[in-house]
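One structure is given here, and the rest of the page talks about it.
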Amino acid sequence: MTFDFTNRRSRFAIVLSLAFLGGLTPSAMAQSASGPEPTTWNSLKGDVFGAKPIEPADGIISIEAPKRAEDAAIVPVDLRFKTDAASGRLKAVTLIVDENPSPVAAVFQFGKDAGVTHLATRLRVNAYSYIRAIAETEDGKLHMTETFVKASGGCSAPAMKNQDEALASLGQMKLKVFPSTAAGTEPMTRATEMQLMIRHPNNSGLQMDQVTRYYIPPHFIDGLTITQGDRLIMSMVGGISISEDPNFRFDFNAKPDEDIKVDAADTKGKKFQNEWPIQSSTL
């Protein structure tokens, strides 16, 4: 089952254009001991969410990231969600890096019965910045959490592999299943974790070829869906802030003996697919 990214990509492209053309000024120089004033966020949030109110996290979403990144091009970010009758079903999460040239890192959407409660990925962080996660629940309300990360140069950092090597393995995927130790019940069994790894340079457009000294054109995964059978688990519309070789670790309510399928596409129109059988014994 393949999902159409067209509408979400169009909205995402508008936000990216506003970020690049609007000349957002980094506020890292205005830092205090507790972090800078959210000047960039105050000027950005209307472009992303309009006049829609954004409420505190209220335990619905939490975020973890290192206070000081070891590598600004690969900053681990962990998101955890609460999905219950009181808080409402989680519908989508927008991940934003305030001070990046293109602040909207990704928009994730979740299937109705996917039951995703954890999602981890890796980001580029270009300057000392807040990383924000804004959750949208099924009732349309927005809830935000944030953390401040000290990092610099992540979007322009040289790629770990040369371009020829990266292109040779372009789109290769690996899925790892972490078996659950808890007893499951039919027809749904919670998979403790799954990890999806995709080979792709995810060039930001700000990196320089160390041989030619020209900037490498942007080329990144901008669309992704993960399904089980005909059921959507998660989809993503991504930007330049997702690190090289995109990596997503997540949990969900898995059905035994239904295949996991991944469809991905990049900004050059290339499409990648893979499928893995999931047996009850692995859940």
Side-chain angles (χ1 to χ4, degrees), residues 3 8 12 41 45 48-49 52-66 75-98 103-123 125 130-149 175-182 184-185 188-197 223-228 231-239 241-243 246-255 260 262 278 283:
F3 290 81
R8 276 175 283 162
F12 198 79
W41 169 243
K45 61 183 177 181
V48 184
F49 297 106
K52 200 168 184 179
I54 302 176
E55 302 176 9
D58 293 336
I60 291 172
I61 184 168
S62 66
I63 186 170
E64 291 182 13
V75 180
V77 176
D78 264 274
L79 305 175
R80 297 191 181 274
F81 320 119
K82 181 177 74 174
T83 55
D84 55 31
S87 59
R89 183 184 73 83
L90 187 69
K91 181 179 177 182
V93 169
T94 301
L95 196 55
I96 290 177
V97 186
D98 283 10
V104 181
V107 179
F108 298 92
Q109 293 198 348
F110 304 100
K112 286 188 176 182
D113 63 349
V116 177
T117 63
H118 174 232
L119 171 63
T121 190
R122 307 179 305 190
L123 300 178
V125 179
Y130 286 104
I131 299 179
R132 303 178 188 275
I134 299 91
E136 180 183 0
T137 48
E138 199 166 29
D139 58 9
K141 291 183 179 179
L142 300 177
H143 298 266
M144 184 176 74
T145 185
E146 71 280 326
T147 187
F148 189 71
V149 174
L175 185 73
K176 184 175 182 180
V177 180
F178 299 85
S180 173
T181 57
T185 56
M188 298 286 238
T189 304
R190 172 163 295 283
T192 303
E193 299 278 349
M194 286 190 181
Q195 185 176 19
L196 173 67
M197 295 155 276
L224 172 72
T225 59
I226 304 172
T227 57
Q228 187 180 32
R231 186 172 62 111
L232 174 66
I233 303 304
M234 179 175 73
S235 67
M236 180 201 74
V237 178
S241 297
I242 299 292
S243 295
N247 189 309
F248 307 96
R249 184 163 174 164
F250 57 97
D251 68 3
F252 72 105
N253 288 329
K255 290 184 177 179
I260 297 290
V262 174
I278 300 297
L283 299 178

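Note that the numbering runs from 1 along the sequence shown for the chain.
With sequence neighbours left out, Asp78 forms a side-chain hydrogen bond (donor to acceptor under 3.5 Å, both in side chains) with His118. In this view, Phe108 satisfies the ring-ring contact (aromatic ring centres under 6.0 Å, His included) rule with no residue, not counting sequence neighbours. For Ser241, the side chain to side chain contact (heavy atoms under 4.5 Å, CB included) partners are Asn100, Ala105, not counting sequence neighbours.
Side-chain atoms of Leu196 and Leu224, non-hydrogen and from C-beta on, do get closer than 4.5 Å to each other. Contact of the Leu119 side chain with the Phe81 side chain is registered, since non-hydrogen atoms from C-beta on lie closer than 4.5 Å. Within the 4.5 Å cutoff, no side-chain heavy atoms of Ile226 are placed close to those of Phe248. With contacts defined as side-chain heavy-atom distances shorter than 4.5 Å, the pair Leu123/Leu95 qualifies. Put simply, the side chain of Met144 does not reach to within 4.5 Å of the side chain of Leu142, judged on heavy atoms.
Expressed to the nearest 0.5 Å, how far CZ of Phe49 lies from CD1 of Ile134 amounts to 4.0 Å. With rounding to the nearest 0.5 Å, the separation of CG in Asn253 from CD in Gln228 is 10.0 Å. Taken to the nearest 0.5 Å, the NZ atom of Lys82 stands 13.0 Å off from the OG1 atom of Thr117. Within the model, atoms NZ of Lys255 and CD1 of Ile278 stand 14.5 Å from one another, a figure rounded to the nearest 0.5 Å. Distance NZ/Lys112 to CG/Leu232: 11.0 Å, rounded to 0.5 Å.
Although no hydrogens or angles enter the test, the distance criterion places no donor-acceptor pair under 3.5 Å between the side chain of Thr147 and the main chain of Ala65. The backbone N or O of Ile60 lies less than 3.5 Å from no partner atom in the side chain of Asp58, so there is not a single donor-acceptor pair. Counting only distance, with no hydrogens or angles, the side chain of Glu193 and the backbone of Arg249 share no donor-acceptor pair below 3.5 Å. Between the side chain of Lys176 and the backbone N or O of Met197, no donor-acceptor pair lies under 3.5 Å. Between the Thr121 side chain and the Asn247 main chain, a donor and an acceptor come within less than 3.5 Å of each other.
Of all heavy-atom pairs between Met236 and Ala106, the closest is CG-CB, 3.9 Å. In plain terms, the two heavy atoms of Tyr130 and Phe148 that are nearest each other are N-CD1, 3.7 Å. Across Met234 and Phe250, no two heavy atoms sit closer than the pair CE-CD2, 4.2 Å. Annotation for Ile61 and His143: closest pair CG2-O, 3.9 Å, computed over non-hydrogen atoms.
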Subject >> Worked check of side-chain contact (heavy atoms from CB on, under 4.5 Å) between Leu90 and Val116 >> reply: CA-CA 8 Å; Leu90 187 69; Val116 177; over 6 Å; no
Subject >> Candidate pair Lys52 and Glu136, rule side-chain contact (heavy atoms from CB on, under 4.5 Å), full reasoning >> reply: CA-CA 11 Å; Lys52 200 168 184 179; Glu136 180 183 0; 3.9 Å; yes
**OP:** Could you walk me through whether Leu175 and Ile260 pass side-chain contact (heavy atoms from CB on, under 4.5 Å), step by step?
**Re:** CA-CA 9 Å; Leu175 185 73; Ile260 297 290; 3.9 Å; yes
**OP:** For Phe110 and Val93, run side-chain contact (heavy atoms from CB on, under 4.5 Å): C-alpha distance rounded to whole Å, both residues' side-chain angles, the deciding distance at 0.1 Å, then the answer.
**Re:** CA-CA 9 Å; Phe110 304 100; Val93 169; 3.8 Å; yes
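The cationic atom of Arg231 (NZ for Lys, CZ for Arg) does not lie both less than 6.0 Å from the six-membered ring centre of Phe252 and within 45° of the ring axis.
No more than 12 heavy-atom neighbours from other residues, nucleotides or ligands sit within 6.0 angstrom of CD on Glu64.
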